Amino acid sequence: MHYWLLKSEPDAYSIDDLKRQEVGTWDGVRNYMARNNLRAMKKGDLLFFYHSSTTVIGIAGIAEVEREAYPDPSQFKKAGKYYDAKATKAKPIWSAIDVRFKKKFKEAITLAVLKNDPVLADMILTQKGSRLSVQPVTESHFKHILKTYKV
DNA sequence: GCCAACGTTGGC
DNA sequence: GCCAACGTTGGC
């Protein structure tokens, strides 16, 4: 079992959207490191759903991997903003996963709170300048966050 | 809205 | 292969 953190701008896709859908597609990732992390995910892995670029920045809830990486359909859609002319069906470049809603926190665990926690000093999320949108979270960090900021 | 940090592109 | 220029992310 591995743990992850996925960022999304709630204006585009929020944990409430996922809750409504029950199972949602995580597509549009256009960064190689983030993509490789998507590809490393296994069904049943747990992930933090993180809200970025919004009024309350932080971890909004939990989801789990429902379907492992497959070619991101949005790379083939010419009209869409995630279209990639270099990608072909035979040789796709980008990957998507499906995630299943697990839980929405009553209140998001904010980035400020996480940054203030010495236990999380070496978490990728809390590093200055870190903007990786799909990142691994260690088991101890994941459990620590749940235990400490239980909501 | 600003801007630091980072990733990507493309000229050489 | 280097690196400047540019575009994007994302916190503040």
Side-chain angles (χ1 to χ4, degrees), chain A residues 2-21 24-41 45-65 68-99 101-138 140-146 148-151:
Chain A
H2 288 92
Y3 302 88
W4 310 92
L5 181 145
L6 277 68
K7 294 180 185 172
S8 180
E9 297 189 16
D11 286 348
Y13 190 67
S14 74
I15 191 140
D16 292 314
D17 295 324
L18 176 60
K19 187 177 184 180
R20 212 172 303 121
Q21 297 176 337
T25 295
W26 207 281
D27 61 0
V29 170
R30 292 295 178 270
N31 167 286
Y32 285 102
M33 213 184 300
R35 182 204 67 181
N36 292 344
N37 286 333
L38 278 184
R39 290 182 176 178
M41 294 182 190
D45 281 358
L46 292 178
L47 54 98
F48 283 139
F49 195 126
Y50 179 90
H51 283 172
S52 66
S53 299
T54 183
T55 45
V56 182
I57 295 165
I59 300 170
I62 302 175
E64 74 173 302
V65 177
E68 294 174 15
Y70 59 95
D72 180 349
S74 69
Q75 69 195 306
F76 307 122
K77 291 184 183 138
K78 267 209 166 89
K81 66 185 275 210
Y82 295 119
Y83 177 67
D84 187 335
K86 293 201 282 291
T88 63
K89 297 261 166 143
K91 275 198 148 188
I93 298 171
W94 306 108
S95 296
I97 59 163
D98 289 350
V99 300
F101 175 82
K102 289 278 277 188
K103 172 173 193 158
K104 181 192 174 183
F105 298 152
K106 285 198 208 77
E107 283 176 37
I109 305 167
T110 66
L111 179 62
V113 162
L114 298 171
K115 278 187 167 170
N116 258 322
D117 187 336
V119 175
L120 304 175
D122 57 349
M123 195 182 175
I124 296 171
L125 184 75
T126 59
Q127 305 311 301
K128 183 175 154 83
S130 161
R131 49 181 223 191
L132 185 59
S133 64
V134 180
Q135 55 184 260
V137 177
T138 66
S140 63
H141 282 165
F142 196 93
K143 292 187 171 162
H144 170 80
I145 289 168
L146 284 186
T148 312
Y149 308 105
K150 190 87 180 148
V151 264

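Here is how names work: the chains are called A, B, and so on, in the same order as the sequence lines, proteins then strands, and each is numbered from 1. Quick caveat: nothing in here was measured; it's all calculated off a predicted structure.
Distance, A:K115 NZ to C:dG11 P: 7 Å, rounded to whole Å. Across the protein-nucleic acid pair, A:I59 atom CD1 and C:dG11 atom P stand 12 Å apart, rounded to whole Å. When the C1' atom of C:dC12 is taken as reference, atom CD of A:E9 falls 15 Å away, rounded to whole Å. Remark: P of C:dT9 and NE2 of A:H51 are 17 Å apart, rounded to the nearest angstrom. Following rounding to the nearest Å, A:Y13 (OH) and C:dT9 (P) show an atom-to-atom distance of 19 Å. Following rounding to the nearest Å, A:Q127 (CD) and B:dA4 (C1') show an atom-to-atom distance of 16 Å. To the nearest angstrom, C1' of B:dG7 lies 15 Å from CG of A:N37. Rounding to whole angstrom units, CG of residue A:L132 and P of B:dC6 are separated by 12 Å.
Remark: aromatic rings of A:Y70 and A:W94 are distant, center separation not under 6.0 Å.
Closest approach to the A:N31 side chain among B:dG7, C:dG10, C:dC12 is made by B:dG7 (side chain taken as heavy atoms from C-beta onward). Counting only heavy atoms from C-beta on, A:R131 has its side chain closest to C:dG7 among B:dT9, C:dG11, C:dG7. Distance from the side chain of A:K86 is smallest to B:dT9 among C:dC12, B:dA4, B:dT9. Candidate nucleotides B:dA4, C:dC12, B:dG7 were compared by shortest atom distance to the side chain of A:M33, and B:dG7 ranks first.
With A:Q135 contributing its side chain and A:L125 its backbone, the two residues share a donor-acceptor pair below 3.5 Å. Side-chain atoms of A:D27 do not come within 3.5 Å of backbone N or O of A:D72 as any donor-acceptor pair.
Within the 4.0 Å cut-off from OP1 or OP2 of B:dA4, not a single side-chain nitrogen or oxygen of A:K128 is found. Under 4.0 angstrom from either OP1 or OP2 of C:dT9 there lies no side-chain N or O belonging to A:Y50. Residue A:K7 has no polar side-chain atom (N or O) positioned under 4.0 Å from OP1 or OP2 of C:dT9.
Across all strands shown, A:S52 has heavy atoms under 4.0 Å from sugar-phosphate atoms exclusively, and none from any base.
Here A:R20 pairs with A:D17 in a salt bridge; the nearest charged N to carboxylate O distance falls below 4.0 Å.
For the residue pair A:Y13 / A:Q21, a side-chain donor-acceptor distance below 3.5 Å is found, with atom types taken as modelled.
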